[in-house]
Amino acid sequence: MSNPRLSLSLSTLVLLVACNQVTSSEKAAETKTDAPAGATAPAAPTAPAPAAPTGPATVDELLGLVQDGTASYVVFKAPDSLLALAETAASTFEQPLTTLVTATSPDKVSTLTENFALFKHGVADAKAALAKAGTDLARGIVVTSTSLSGGDDTVVTFSASSAEAAQGLLAALKIPDAATAVCQAVATRPGYVTCAKDQATIAAYKPADGKTARTRLNAALPAVAVDDLAFFGYVADGDVHFGLDNPAGGATLHVSAPPDAKDMFTTLAPGQADLLRFAPPGTGFMWMKLDLDELKKKGLSEVPPPFSATVGAFTGEILFGGSADPAALQARFGFSDTSSLAPLADLAVAFGSPMIHNKPIPDVPGSKVSFKAENVSVGPDKVKALHFGASGVPQAKALAEQLGLSLDAWVFPAEGTLAAVVGADAKSVGLVKAAADSEATIAALPPALAQSLRAGEVGFVGHIPLDGLQSPALTRLLDGALASVPGYSPANARSALAVVAPVSSTTMWVSEHQNAGVIHFAVQTIGNTTDEEGKAALAAAASADPVKAFTDLAAKYPNSPRISAYQTRAGQGGPGALIGGSAPALLMATAAAYAVFSPASMTGTGDAIATPPVVEAPKAEEPKAETPKAETPKTETPKAETPKTETPKAEEPKAEEPKAETPKAEEPKAETPTTGGIKIDASKVETGKPKRVGRQE
């Protein structure tokens, strides 16, 4: 849909839902006022119109307002709660943003202030307009398509006292082309009015009974509490269902996996997350469970003896995470039997020690590397570990003081896993161990994820706590590391961190249920506005002395699921809190760096100049390799000069990386916010069941 005459962008809908407290008392007063007049006239027996329903609309009722057989739709079930979220966010971020902009870009303060004022005025104006139109936001808003051929066929349905009142509401909200829009009462849905660009679109609007859409939604988002979603919908271009719930202190977006994500779900095998007992509450981690049958198809079963027994004991579970006390990074691989793992340390030393042990680190005078097998204590057990260490490194002391890390790495079997621990010395490596169970860790995660983990429906989780950004350890680290950097200001650094102070964590996970895959994204705030503890946590985040505020909060709520977050912000976690929380981010950064700079990604010329075309190598590396060979004899001299001229522009080839991103630009069929400004692509009609993702397909 291009150039719609009735544009309903998300920002416009925010205004439309801006009355999060439409007072039912006003409506009741109007009803009582009109009742006597109605009682004197014998109109009721003559026109027995069905009474408009009251109270919050159900999912089934709202799906009954979706166009019968429509390609795409968006349903705002609880627009008032969405606006409450927007208002809370605006009030939360206004002060820290203003402080930061005042310090860094004082010329832009007036613009920022004006924008916040416009939002507040817009909310106030919308509330007045909604009340006048008799709109009850608890009855929801439905944006759908009539599937007409060509043009903009979007219709918007919401509650209003009359078609004229709805028309006036569009004008009051300053919706583009509101003057020419057409509104009409929905004959089969008392209390609802539909608005569109013209009468032809209105005439084509035929609401369904909602049963088919409900069946499709349940099948696409299994194990998601659909009735609790604040908004949900379907985009035909990409075959994607989505929904957002808004639990206290957070928001979670659920997106059905598109058909082209089948390979990812085939590789994963949802099940119990036993290894989460190695992820202490408040630390970051990436956990996954691989499908062993699928791995065997790809060659895992072809591993020769003596390693076949070891590989056969692998459970498929993998955890990458952090430890705060002691500070360390760890990787865990689940094994049903670890007895065959211990001899591997001696085997590795036998092969690697002659080349590594007691050798210096290149370009670090006085340094020495150790590579040997040692016994370490893990609880009551002593296990043989492969130890890689380094001494004589000048930066080691600073690393230990600021981050709590040592220059040691260990690989050993323990507690049903093959463990790799980095950053813990011989005295503390054994303290990086499992808790009795993972319940404390699960309880601190987003509620939807916690429920799915307990049900064994999750195949992958990536959890990144952000509380370490507010810890005293980070500010000391920044002040020490950046003190000599021109323009660095401790006050500005703290102001920048204060902007994200309300956010506690971000989480992404993948679940599979009834052969349907769902991808979830969640953000959790440090508190909420629904209970005393949540309010106190938000106040502590905005406090002039957050360290003291969170110290007091941790003392007051020692049994809270959020206790580790409070302690980190209070500085009670020590320098290890930074490492413990940032483990997933460090892993992703390392993976990204390896992808860019690994030798395998080079073109093979050995030149730094050959590095930029890395992304293009998989596409047509061979032709590119042949072309220079063919051209080299012709004019080597100009070509030799050209690289010299381009050497400073070595970054320019990276500008070709967008070529590698071109497929990504095409992939996002779910760039489909072709519902874009909530304009719906009417060229695609919803037919049949959506394609599902799973191993049985």
Side-chain angles (χ1 to χ4, degrees), residues 6 8 10 12-35 38 47 49-67 70 73-84 123 125-146 154-175 178 181-196 201-202 205-210 213-214 227 229-233 678:
L6 180 60
L8 287 164
L10 277 175
T12 302
L13 281 174
V14 166
L15 287 178
L16 185 59
V17 302
C19 181
N20 65 320
Q21 295 185 35
V22 176
T23 56
S24 56
S25 58
E26 287 184 18
K27 296 180 185 177
E30 290 177 8
T31 303
K32 290 178 181 177
T33 303
D34 292 343
T54 58
T58 65
V59 168
D60 290 350
E61 285 179 308
L62 293 169
L63 285 173
L65 292 167
V66 171
Q67 172 74 11
T70 187
Y73 64 85
V74 178
V75 173
F76 293 83
K77 179 177 180 290
D80 47 352
S81 68
L82 290 175
L83 181 76
V123 168
D125 292 344
K127 285 183 177 181
L130 286 163
K132 185 176 180 180
T135 297
D136 182 359
L137 291 181
R139 300 301 300 162
I141 300 171
V142 177
V143 184
T144 186
S145 166
T146 59
T154 299
V155 295
V156 182
T157 304
F158 54 95
S159 76
S161 58
S162 67
E164 293 74 21
Q167 181 93 36
L169 176 61
L170 297 182
L173 295 177
K174 298 179 176 61
I175 291 178
V182 177
C183 295
Q184 179 176 302
V186 183
T188 57
R189 302 290 189 272
Y192 283 101
V193 172
T194 293
C195 297
T201 306
I202 289 286
Y205 174 54
K206 293 179 173 55
D209 63 2
R214 175 66 188 237
D227 292 304
L229 297 176
F231 83 83
F232 53 89
I678 307 204

Discussion item. Do the side chains of E61 and R139 get close enough for a salt bridge, i.e. N-O under 4.0 angstrom?
Written reply: yes

Output for pair (L62 CG, F158 CZ), nearest 0.5 Å, gives 14.0 Å

Inset, instruction - Run the numbers on V142 and Y192 for side-chain contact (heavy atoms from CB on, under 4.5 Å), then give the verdict. - result: CA-CA 10 Å; V142 177; Y192 283 101; over 6 Å; no

Those residues at least two apart in sequence (or on a different chain) that pass side chain to side chain contact (heavy atoms under 4.5 Å, CB included) with D60 are T58, R214

Those residues at least two apart in sequence (or on a different chain) that pass side chain to side chain contact (heavy atoms under 4.5 Å, CB included) with A165 are A133, S161, S162

Can a donor-acceptor pair be found, under 3.5 Å and without considering hydrogens, that links the side chain of T135 to the backbone of S159? yes

Minimal heavy-atom distance between A181 and L170, with the atoms involved, is CB-CD1, 4.1 Å

Residue set satisfying side chain to side chain contact (heavy atoms under 4.5 Å, CB included) with A78, at least two apart, ordered chain then number -> D80, S81, A230

- Message: Contact between V74 and F76 at the side-chain level, heavy atoms closer than 4.5 Å - yes or no?
- Response: yes

For A160 and A166 the tightest heavy-atom approach is CB-CB, 4.0 Å

Please check if the side chain of Q167 supplies one atom and the backbone of A178 the other of a donor-acceptor pair under 3.5 Å.
yes

Given side chains that start at C-beta, do those of Y205 and T157 come closer than 4.5 Å, heavy atoms only?
yes

Hits for side-chain hydrogen bond (donor to acceptor under 3.5 Å, both in side chains) against Q184, two or more places apart or cross-chain, chain-then-number order -> Q199

Between Y73 and L63 (side chain of the first, backbone of the second, donor and acceptor by atom type, cut-off under 3.5 Å), is there such a pair?
no

In terms of heavy-atom contacts, V66 and T144 come closest through CG1-OG1, 3.9 Å

For V156 and I141, the nearest pair of non-hydrogen atoms, with its separation, is CG1-CG2, 4.0 Å

Exercise. Quick check: does any side chain N or O of Q67 sit under 3.5 Å from a backbone N or O of K206, one acting as donor and the other as acceptor?
Worked result: yes

The single option from T146, V182, V186 that satisfies side chain to side chain contact (heavy atoms under 4.5 Å, CB included) with V155 is T146

